[in-house]
Amino acid sequence: MKMIKTFVLPVLFLLAVVTVNAQRIYYSEPDRDDLRSLKFEVLGKYGGNYLVYKNIRSRHFISVYDAEMKQKDKVELDFIPDRAINVDVFSNPEHSMVIYQYQKKNVVYCMGVKIDGNGKKIGEPLELDTTEVSIFSDNKIYSTIISDDKQKLMVFKMKNKQRDDFHIQTLLLSHNLMPIRRGAFNYSLENSRESIADFYLDNEGNFLFSHVSRPGQREYINEAKLVMLPVYDDTIRSFKLTLDKVFLDELRIKVDNSNGRYILTSLYSKSRRGNVDGLFTAFVNKSFTGQDIEKAIEFDDDFRALAKGENSSRYAFNDYFLKHIIVKKDGGVLITGENTYGSSRGSNYNRWDNPWMWGNSFYPGRYYGWNPYNNWGWGGYGGWNSPYGWNSPQQTRYYTDNVMVISLDKEGSLQWDNVLAKSQFDDNSDNLLSYQIMNSGAELLFLYNEWSRRSPLLNAQSLDPNGRINKEPPLKSLDKGFEFMIRFGKQVSAREMIVPCIIRNSFSFARIEF
């Protein structure tokens, strides 16, 4: 996405501005399968077909819908074993890909297959890798990530030699699941206060992750570096950030593929466990040579007053978490963050209680599998065991309020900031909360639910390239009873989004045409 003259995503949409008044919504027939066991992923649009992956207990399907969301076919992926350990699905403009793992005796198999625009497999499943495991090992071995241009995938696994010593093996694949290169390297952490996370694959096939250190448990990051395994090398490179007088909370990686740079960003504090003071951003050249750009932008009083919600200005950003990092065509970046917190029987869950804060926990064991969809609660599979909130046996109320939007230029300097005002809460589930972005090429449309007479109704606010926010009229064609799980929606073309919905304890998908 972007700002300044047009918004730009990894896929560039340059059509007319989205006009909320002109939208149409089509709903699929309600699916009465067991919602508590349902997982799903919107794959995308292929010709006149719209594909959605569904997993219900041990069964896996591709539902194929037409433009009016009538189900044309429901293809069972019967090649996936009943006791599959894990299934990941990815898509690109040509086809979708299913990567799955299963165990047979003491061997874990990692398999891959392509899916065409009719939901049917293309050829037979391919054996990508195998791993022998002991009876006491965790058998979720493999993790899979995809590049922004959807042309490369990487399957990787990490083996604990000792608690903080890892042997990491990688397999780089083309979008057709053909092997490009296998790699391997050893990586060590000095102590339990260090961790690695936020694994990323750039369009060239370079493998990236962050290595951070905290001075104590549940304290902000005081040391950080970016680590890279080059696509045709088994010698890793690293770039250490200066972090001059700033402490970071969650360091996020984004690749600026067009300008050959890596972007690292985080909210920061001036003290080890203080209030959030501002936004830290670093730009590192892909070659890891030369001077990086590091900027710490302190939030001013006006921005704090807009963002604070029920908090005082001093604590305005303490419940904000970064959500979208959007590279602009000119090398700048647009960053959003959402005010997210919860409560249970009068006890509020703040930043320090939030499990997202502390990265991946490396536990002793022979192998470790990383789940890229469970770190920050955005993207990846939708489902009823939401990774977005806190687990509690008591009744929990989830809140997602204002959204901050910050635009930086290519040097990391502030261009503008603004706050999209909203207030959302729900009990025992956060599936109807938060927002999704629709990119028209000329503006961004923030879609989210507002509660009216105890029912959530889909609303929108637009953001133009100069940071101006406008409240749009309520969307039309909102049939009574359909509740939108908007944060799991996926834009499938310049003017279309597929969004999962709930309707009277059943499940449906809606196609919104702008």
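All residue numbers refer to positions in the sequence shown, counting from 1.
- Side chain of Y27 to main chain of M69: no donor-acceptor pair is present (N/O by atom type, distance under 3.5 Å, no hydrogens or angles).
- Paired with F280 under the rule side-chain contact (heavy atoms from CB on, under 4.5 Å), one option of T265, L248, D249 passes, and it is L248.
- Between H60 and Y100, the distance from one ring center to the other does not fall under 6.0 angstrom.
- Note: Y65 and F509 have tilted aromatic rings, judged against thresholds of 30 and 60 degrees for the angle between ring planes.
- Paired with Q424 under the rule side chain to side chain donor-acceptor pair (under 3.5 Å), one option of D401, N402, T400 passes, and it is T400.
- With sequence neighbours left out, the salt bridge (charged side-chain N to carboxylate O under 4.0 Å, His left out) criterion links E29 to no other residue.
- Here F247 and Y268 keep their ring centres 6.0 angstrom or further from each other.
- A distance of 6.0 Å or more separates the ring centres of F166 and Y187.
- Between the side chains of Y46 and E94, no donor-acceptor pair is found at a separation under 3.5 Å.
- Sorted by first and then second residue, the pairs that involve residues 234-243 and meet salt bridge (Lys or Arg N to Asp or Glu O under 4.0 Å), not counting sequence neighbours, are R181-D234.
- One finds a salt bridge joining R272 and E219 here, because a Lys/Arg side-chain nitrogen approaches an Asp/Glu carboxylate oxygen to under 4.0 Å.
- One finds no salt bridge joining K72 and D66 here, because no Lys/Arg side-chain nitrogen approaches an Asp/Glu carboxylate oxygen to under 4.0 Å.
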For E124 and K121: C-alpha separation, side-chain torsions, deciding distance, then whether salt bridge (Lys or Arg N to Asp or Glu O under 4.0 Å) applies. CA-CA 7 Å; E124 293 302 313; K121 66 180 181 180; 3.3 Å; yes

Enumerate donor-acceptor pairs with a distance under 3.5 Å from any side-chain N or O in residues 201-210 to protein atoms, sequence neighbours excluded.
from	atom 1	to	atom 2	distance (Å)
D202	OD1	E204	N	3.0
D202	OD1	G205	N	2.9
D202	OD1	N206	N	2.8
D202	OD2	N206	ND2	2.9
D202	OD2	Y262	OH	2.7
N203	OD1	D148	N	3.3
N203	OD1	D149	N	3.1
E204	OE1	N206	ND2	3.3
N206	OD1	V231	N	2.9
S210	OG	A197	O	3.1

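- Ion pair D31/K54 flagged as a salt bridge, since at least one NZ, NE, NH1 or NH2 atom sits closer than 4.0 Å to an Asp/Glu carboxylate oxygen.
- Ion pairing of K328 with D256 is absent here, as no side-chain N (NZ or NE/NH1/NH2) approaches a carboxylate O to less than 4.0 Å.
- Remark: side-chain polar atoms of N55 are paired, donor with acceptor, to backbone N or O of R57 under 3.5 angstrom.
- A salt bridge does not link K225 with E194: none of the charged nitrogens is closer than 4.0 Å to a carboxylate oxygen.
- Separation of the H95 and F90 ring centroids does not fall under the 6.0 Å cut-off.
- Between the side chain of Q491 and the backbone N or O of N439, at least one donor-acceptor pair lies under 3.5 Å.
- Centroid-to-centroid, the aromatic rings of Y448 and F484 stay 6.0 Å apart or farther.
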